[in-house]
Amino acid sequence: MSVTYLEAIRAAQEKALADDPRVFIYGQDVGSFGGAFKATKNLAAEFPGRVMDAPLSEDAIVGLAVGAAIEGARPIVEMQFADFSTVGFNQIVNQAATLYYRTDIPCPIVVRLPSGGTLGAGPFHSQSMEAVYAHYPGLVVMTPATVEDAYSMMLEAVSIDDPVIFCEHKLLYYHLKADKLPDTAQPVGKARIARAGRDATVVTYSAMLHESLQAAEDLVEEGWQIEVIDLRTVKPLDTDTILASVARTGRLLVVGEAWPWGGVNAEVISRVATEGFGLLDAAPMRLNARDTPVPYHPDLWAAHRPTASVIAARLRQLLTQ
Amino acid sequence: MSVTYLEAIRAAQEKALADDPRVFIYGQDVGSFGGAFKATKNLAAEFPGRVMDAPLSEDAIVGLAVGAAIEGARPIVEMQFADFSTVGFNQIVNQAATLYYRTDIPCPIVVRLPSGGTLGAGPFHSQSMEAVYAHYPGLVVMTPATVEDAYSMMLEAVSIDDPVIFCEHKLLYYHLKADKLPDTAQPVGKARIARAGRDATVVTYSAMLHESLQAAEDLVEEGWQIEVIDLRTVKPLDTDTILASVARTGRLLVVGEAWPWGGVNAEVISRVATEGFGLLDAAPMRLNARDTPVPYHPDLWAAHRPTASVIAARLRQLLTQ
Amino acid sequence: MVTAAKEKTVACNDLDPALLVRAYRVMLLARATEDKLASLYRAGMIKGGVFLGKGQEALSTASSIFLKKGDIFGPLIRDQAGRLAFGDTVLDTFRTYLGSAKGPMRGRDGNIHRGRPREGYYAMISHLGALVPVVAGGLYARRLRGETGVVGVTSIGDGGTSTGAFHEGVNLAAVERLPLVVVIANNQYAYSTPNSRQFACADLLDKAAGYGIAGFKCDGTDPFASLETLQLAVQAAREGRGPQMVVATLLRLVGHGEHDDAGYVDAALRQANVGRDCLEVGATQLIESDVATADDIAVWTKEAQAEVEDALNIAQREKGPDPAEEDWQAISTERLADGHHDLEDE
Amino acid sequence: MVTAAKEKTVACNDLDPALLVRAYRVMLLARATEDKLASLYRAGMIKGGVFLGKGQEALSTASSIFLKKGDIFGPLIRDQAGRLAFGDTVLDTFRTYLGSAKGPMRGRDGNIHRGRPREGYYAMISHLGALVPVVAGGLYARRLRGETGVVGVTSIGDGGTSTGAFHEGVNLAAVERLPLVVVIANNQYAYSTPNSRQFACADLLDKAAGYGIAGFKCDGTDPFASLETLQLAVQAAREGRGPQMVVATLLRLVGHGEHDDAGYVDAALRQANVGRDCLEVGATQLIESDVATADDIAVWTKEAQAEVEDALNIAQREKGPDPAEEDWQAISTERLADGHHDLEDE
Ligand SMILES: Cc1ncc(C[n+]2csc(CCOP(=O)(O)OP(=O)(O)O)c2C)c(N)n1
Ligand SMILES: Cc1ncc(C[n+]2csc(CCOP(=O)(O)OP(=O)(O)O)c2C)c(N)n1
Ligand SMILES: [Mg+2]
Ligand SMILES: [Mg+2]
């Protein structure tokens, strides 16, 4: 048996529904249809009345979740694509994110954002919005890169008392597989050393983990050992693990799929520069997508985001500077 | 005669309306009432039919501006507070910001965002959203800190062919004064050395410029000469001016009023660390607001954002490390 | 599916005199509280804005007075009276405006943003319309838990009806057939913007049919009419007849906030029926229907003023929050707090 | 203010036979184009989704066929036919799906997102409802410039009516009394979501009165009825009678996208009147009203297919954009481009 990233998300939601009567799922087409990507397949039948099709109203969907959370429920809401969360934006950043600070009442909602680029998806079905949400106080932003994390982090997302923006990468949905679902998990909030190395540190997350691991692999025959860190959550950001790695390697490349201005990469570099300046043997580097909307044509898309070969090339620069 | 920051914004809009028949203003209460802050006072009477009260519909207001821009108009839209732009967010980041890239048709709209904290304004009338907008490709983000810039940058915002997010700081509206409106201006996109110095560089923008200048002043009697750079626009970000200053001083503190995760400060530090690593004699530092909603109580608010004394204290650390 | 928009002209005879008295005293208390807030503002003792509901006390009181423990109330800007009727106190009002650490918002948020959500008293954010789906969500969770007979009331202005959030929220409530009463206080203006620049329908009640929900209309300057209309609407919601929309016409008799002289208000409106002061109307109604005498009302007014003074005395002696003792955390799960807080080091 | 929601059952006799033929041939061309897109999709030759309007050609054609040069058309997902009727070409359709650098989107955006805004043919973003205020804005600018007699048409689905953007946009258009026709294609589902989970009003047309705009209703499977209804609506808008709402009932006869087998569609609906194929209905109508013969239609069908083949042949030979030649700029003012582009160095 093997389980995909998408199946892991489905299985975690199933377990959450089974374990906790306060959990329900609300979103467009999540009911009998099972969701645009089938992340809620069969759940409506398994849990009658608890997995419901929503009207085409992202603002109201998130608003409903906040109200339900006030009353003690633990809603999971699905945005059909991360890109559409812009129309539920206000409820996320001003309603959900401020509730605890203002009223002392936690807001245990999970907003699932099918994120990131895929072939031919174009400007409005490809976005990576983790940095936008992480900028706002009051939100936890998860960016699982593995099947195991997709599962265990979804379970933790449902169980913690705060609003979680769950950025699941669509490119990993069907292709990324594991032998089985994990029994144990690293605590959320801790980054993971996905590959140990000594010559340079790559900090990355979500789908870019796999491009980065490939780049690290490609550099082995050139004699380089690259350490790759998977952030897992971008807020909180596990600065300690990053600094410890940079302390060993002295070199840092941060890789992300989001746009270049600001974002996770800027935050990581900024933390290392301010808190670990002395650890750096060379200028840190970063790789982002380009500063345009995500293009539709496969050739443009391939040139818009970092890929393993670009990462490897940049690492060569970093290693020899 | 003297002119305030707010009057400068009003005067610039007046001039834009007078000079260019394609310009119109649309927003809540901007008509005969002259706007919540009076930034459009008398303009409706002066330019009949071109300064119109909008329904309470931020999404539609921005949408209307984009449609009008497609037809060759140059709309200025006012959000009553920056914080309310979250409900016009989608039209800004997905409609206006992508139009040129997708269709080759420029989108000359100006979205005015009365930004930043003021006494007792609380979580929803105090926000600084420049970093959120700067993250998106396709937008120019201006953050004028002086009366002169408020005027000349507004004029340029209207005249350029791209969507401009014009972050005007409410704290400066009434108190910041100049003798007269400027005849010439530094080009938009270029940062300004607001105060020359040699011991450390403070990079800042908007209302924090004034706190930073005060801090620099306070350090004079301790023998320090602090260079203060006013970014003026945060996108584009004038990396060259920053690097040139850091090359002279070797030390960098970035100060902003926005939340700590990501944002302008992270982007500035990240650029200096990646492009000017060798210029730094010490770890760069940053000061942001705290990672909570902007609190209502004056005492909390004063502790939430950087102030001159906090900036001065941080500079002392920077100078002696 | 209830689609007919009903209109009802109401007489007072369905209402219990004790309720009429209670409602009127709440109105008096709200007015006295707000008068005091206005003086505090003028004296510079409140930092930030002061937003009052003068002229809307009757409708606001009616909005929440038929609610019971376990119901949900999501008030908006002009709902000082409805808040008090639902259980908010004058003390908490002043505490919030003055930023007392003992207030429900602990100085973190102010003025009209207060609430005690655990007690069904939701705390609005500023973004108009945004509360509608939240109250709907509260009701949704209650139903999911098997609770029946719960009602949620929220209010909105003529301006707020133009927001996407209002539309999405009301529509969702209609689809889910939630026991939500939406009270539209059509006070003719949104800040300075007149209805003619806000909507083009002949009557805001025409919106009810578009959502497939029941509609009621009343004169918001008339306390008896407001009470009777809201009683019907709340009862219909409680009986499971889905969302109810109430449209009331009235005028706010103050500025948008105390900084605003409301010079834009059409003088003719002030003179018209819509510009009546509901407290005066109510006094006449109570006297004419032999529920109270002018003396009773004079006594109640004094008592309300005294209550306001007492509460203010307490609130003014309370401390604001101490920044040094704040945890400066926006999430509740401590282990997931993001470690990066520059200002903390100072 | 026009507030009455009118309903009109239409006969074909008001329409010029030449127009009927033109409309039908557009419908045929749209169908042939989409059939080809479906095969290309199945053959893996299109990257990304394919979203077709099969069953909606009559309504879609009617939406734009009464527009003139200088008017504005803001089509949505199911508007292949309306696009063609407004001047889009089969060639540009394929170019966009295949990502040709010569297409209007130059490979930067794809499929249904194409447009030529300078020619009044607006290019939708994916977010449903978002186009409504944009078309309104285009009309607003035209009026400001002194142009009269301009009309804008945009369309939306049953699902899209639930968006805040739709609400704000229609309301704003009503307040501004803009010459906007909003065509609601009620095809019973939003992706898999049936109307019962989308709205609770008895009829979507009930929304018109809530905005204070005129309303029309038609059978979207009936080409003649659709044409006559849209003719009336466009004419009313052109004459300055403010926004017009047209609600048409029909069914999409394909999946939401070509990846979707639409297994969720109620079999009874497929059998009902609403499930008719408008191309078949149109053929019968043309023949019965002596506008065309079955042979004519067979010839036109062949011609449409030939046009599609020709266009595809051209588009398939065209190159996609060359990443190395792109300027990778999202703003037009070069001097304000932000200098920081990591990938450029590679
Ligand atoms: C989404 C949003 N936009 C703008 C504002 C600023 N604002 C506060 S009150 C107000 C007018 C509200 O009018 P209405 O809804 O009629 O309520 P009223 O003040 O008349 O009670 C406006 C525009 C806001 N609070 N929310
Ligand atoms: C704001 C937004 N949310 C979600 C989606 C994803 N989505 C694309 S089409 C669709 C269904 C649309 O239904 P409807 O409006 O009835 O149009 P139809 O597809 O039936 O023509 C959905 C949910 C979207 N495009 N925009
Ligand atoms: Mg009002
Ligand atoms: Mg539909």
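Classification of A:Glu156 and C:Arg335 as a salt-bridged pair holds, one side-chain N sitting under 4.0 Å from a carboxylate O. Using a 4.0 Å cut-off between charged side-chain N and carboxylate O, A:Asp104 and C:Arg106 make a salt bridge. Note on A:Asp19 versus A:Lys15: salt bridge recorded, some NZ/NE/NH1/NH2 to OD/OE distance being below 4.0 Å. Contact check on C:Arg238 versus C:Asp71 returns a salt bridge, with a Lys/Arg side-chain nitrogen under 4.0 Å from an Asp/Glu carboxylate oxygen. Salt bridge A:Arg232/A:Asp149: present, at least one basic N to carboxylate O contact under 4.0 Å.
Contact of A:Pro137 with chain C is made through backbone and side chain together, with heavy-atom distances under 4.5 Å. Looking at A:Ala97, only its backbone comes within 4.5 Å of chain C, counting heavy atoms on both sides. In this structure, chain C has heavy atoms under 4.5 Å from both the backbone and the side chain of A:Gln95.
The residue among A:Met52, A:Arg50, A:Arg22, A:Arg102 with the most heavy atom pairs within less than 4.5 Å of chain C is A:Arg102. Between chain A and the residues C:Gly129, C:Ala130, C:Gly107, the largest count of heavy-atom pairs under 4.5 Å involves C:Ala130. Chain C forms the most heavy-atom pairs under 4.5 Å with one residue out of A:Gly63, A:Gly189, A:Ala73, and that residue is A:Gly63. Ranked by non-hydrogen atom pairs under 4.5 Å with chain C, the options A:Thr103, A:Val62, A:Thr98, A:Val66 are led by A:Thr103. With respect to chain A, the highest number of heavy-atom pairs below 4.5 Å among C:Asp109, C:Val132, C:Leu178, C:Leu172 belongs to C:Leu172.
Atom OG of C:Ser60 and atom CZ of C:Arg78 lie 11.0 Å apart (nearest 0.5 Å).
By the 30° and 60° cut-offs, the orientation of the rings of C:Phe73 relative to C:Phe86 is tilted.
For the residue pair A:Thr201 / A:Ser245, a side-chain donor-acceptor distance below 3.5 Å is found, with atom types taken as modelled. With no hydrogens or angles considered, no side-chain donor-acceptor pair links C:Thr193 and C:Gln198 at under 3.5 Å. For A:Asp162 and C:Ser332, the side-chain atoms include at least one donor-acceptor pair closer than 3.5 Å.
Near-neighbour residues of residues 139-157 of chain C relative to chain A, defined by a heavy atom under 4.5 Å from a heavy atom of that chain, comprise C:Tyr140, C:Ala141, C:Arg142, C:Leu144, C:Arg145. For residues 111-127 of chain C, the interface with chain A (any heavy-atom pair closer than 4.5 Å) comprises C:His113, C:Pro117, C:Arg118, C:Tyr122, C:Ala123, C:Met124, C:Ile125, C:His127, sorted by residue number.
Applying the side-chain contact (heavy atoms from CB on, under 4.5 Å) criterion to A:Val87, with sequence neighbours excluded, gives A:Glu58, B:Asn90. Here C:Glu176 pairs with A:Tyr26, D:Arg197 under the side chain to side chain donor-acceptor pair (under 3.5 Å) rule; sequence neighbours left out.
Between A:Tyr133 and A:Phe166, the ring centre distance reaches or exceeds 6.0 Å.
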